[in-house]
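Scroll down for the structure; my scribbles are underneath it.
Below, read A as the first sequence line, B as the second, and so on, with proteins coming before strands; counting in each chain starts at 1.
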2 protein chains.
Amino acid sequence: MKVLSQTSKYGIRALLYMVSNPSTGEYVSIGEITKELNLSFHFLTKIFRELTNKGILYSYRGPSGGIALAKPSDQIMLIDIVLALEGEDYFDNCLLGFPGCGVEKPCPVHNFWKGIKEDIKSHLCNTSLAQLGEKILAEEVRLFD
Amino acid sequence: MKVLSQTSKYGIRALLYMVSNPSTGEYVSIGEITKELNLSFHFLTKIFRELTNKGILYSYRGPSGGIALAKPSDQIMLIDIVLALEGEDYFDNCLLGFPGCGVEKPCPVHNFWKGIKEDIKSHLCNTSLAQLGEKILAEEVRLFD
DNA sequence: CATATTTAAGAGTATTAATTCTTAATTAAC
DNA sequence: GTTAATTAAGAATTAATACTCTTAAATATG
């Protein structure tokens, strides 16, 4: 059951590392993150480039450069990251792949699936990086192995 | 948001065609189904081979042969098809791909995702091909374009 | 038994997603 | 201005999924 691409998963994990490890400097380097989370440096760089282009991150080149959240972490919702990385049409899918499934001609599981998607969407809309970062800091959940 | 593979989607759509188009003979040919649903004959043949191997379908070769449900349609649940085609570990996933996410060391969205998965699983467990076939026959929903 | 119809099996190809690699641009510090 | 540290851009490669093709086996019918 692959609901999110590796791109989104790595992106979110890396952002959660950032909010749960308040760094001293203004920018945190991608190298540090990939080293800590054991991710591919080049792959995460590409992912973060996308988030920078979408206005979710700031980036700064050169020594002591890196990336930083463009907004306070309590104002960045999971939905922002998912839509940025998966595409704005992320929720426009039919579970069974029926061509033309929609309100006018629903597939046999349309209403059920609509409800599930609404649950997921609302949770992503109402969950900020800050909230999850706090859970990690409170050690209710874990970021690492 | 791709929750099911094309394999599962085509497989379920084809089975729904079967239950909503009670054929005269004992077996329905794969060629008829793919012609009606505009699917690839060879691809669906491969998918149905898997369902036959898993005991969900019977198959019979030769003229007027084809495939048939191995059990009455009200005893074949969507979960049976999904697990057969996606694998038994279909629900063993972490939304964010955290390594080792589980009860002992949950990721920050573990409990939320657990709930969603339970909703999906229980719906798939409680929905039979017969139920969906009836909805199609009652024209509440559509199988075709 | 010859032919036509159908599924079985799996090799082969194409498309998409994931990952790696190479080169360039920016900036700080000496 | 030279060097080192860092992101930017996107080409190139690999892996996974989706799909197609070829050959074989089974079976009904004349």
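One can place NE2 of His42(B) at 16 Å from P of dA14(C), the figure rounded to the nearest angstrom. Rounded to whole Å, the distance from CD on Glu50(A) to P on dG10(D) is 11 Å. Distance, Ile30(B) CD1 to dC19(D) C1': 16 Å, rounded to whole Å.
Out of dA25(D), dT7(D), dC19(D), the shortest distance to the side chain of Thr45(A) is found at dT7(D). Comparing dC21(D), dT6(D), dA18(D) by their closest approach to the side chain of Arg61(A) singles out dT6(D). With dA9(C), dA18(C), dA18(D) as the choices, the nucleotide that has an atom nearest any side-chain atom of Asn53(B) turns out to be dA9(C). Which of dA18(D), dA18(C), dT7(D) sits closest to the side chain of Ser5(B) comes down to dA18(D). In the set dA18(C), dG12(C), dT7(D), dA18(C) carries the atom at the smallest distance from any side-chain atom of Thr7(A). Listed nucleotides dC21(C), dT20(D), dT7(D) differ in distance to Lys46(B); the shortest reach to its side chain belongs to dT20(D).
No engagement by Tyr58(A) is indicated, since no non-hydrogen atom pair under 4.0 Å with the nucleic acid exists. Nucleic acid contact for Tyr60(A): sugar-phosphate only, since backbone atoms but no base atoms lie under 4.0 Å from a heavy atom of the residue.
Put simply, Ser59(A) has a side-chain N or O that comes within less than 4.0 Å of OP1 or OP2 on dA8(D). Side-chain nitrogen and oxygen atoms of Tyr10(A) include at least one within less than 4.0 Å of the OP1 or OP2 phosphate oxygen of dT19(C).
Summary of the strand contacts: Arg49(A) and Ser40(B) both lie near DNA chain D, and taking for each the nucleotide with the nearest heavy atom, the more 5' one is attributed to Arg49(A). When each of Lys2(A) and Pro63(A) is assigned the nucleotide of DNA chain D with its nearest heavy atom, Pro63(A) is the one assigned upstream, toward the 5' end.
Under a 4.0 Å N-O distance rule, the pair Lys46(A)/Glu50(A) does not qualify as a salt bridge.
Within the 4.5 Å cutoff, side-chain heavy atoms of Ile12(B) are placed close to those of Val82(B). Side-chain contact between Gln75(A) and Ser128(A) is absent, with no heavy-atom pair separated by less than 4.5 Å.
Defined by atom type and a distance below 3.5 Å, a donor-acceptor pair is missing between the side-chain atoms of Glu26(A) and Tyr60(A).
Taking CG of Leu44(A) as the start and CZ of Arg13(A) as the end, the distance is 10.0 Å to the nearest 0.5 Å.
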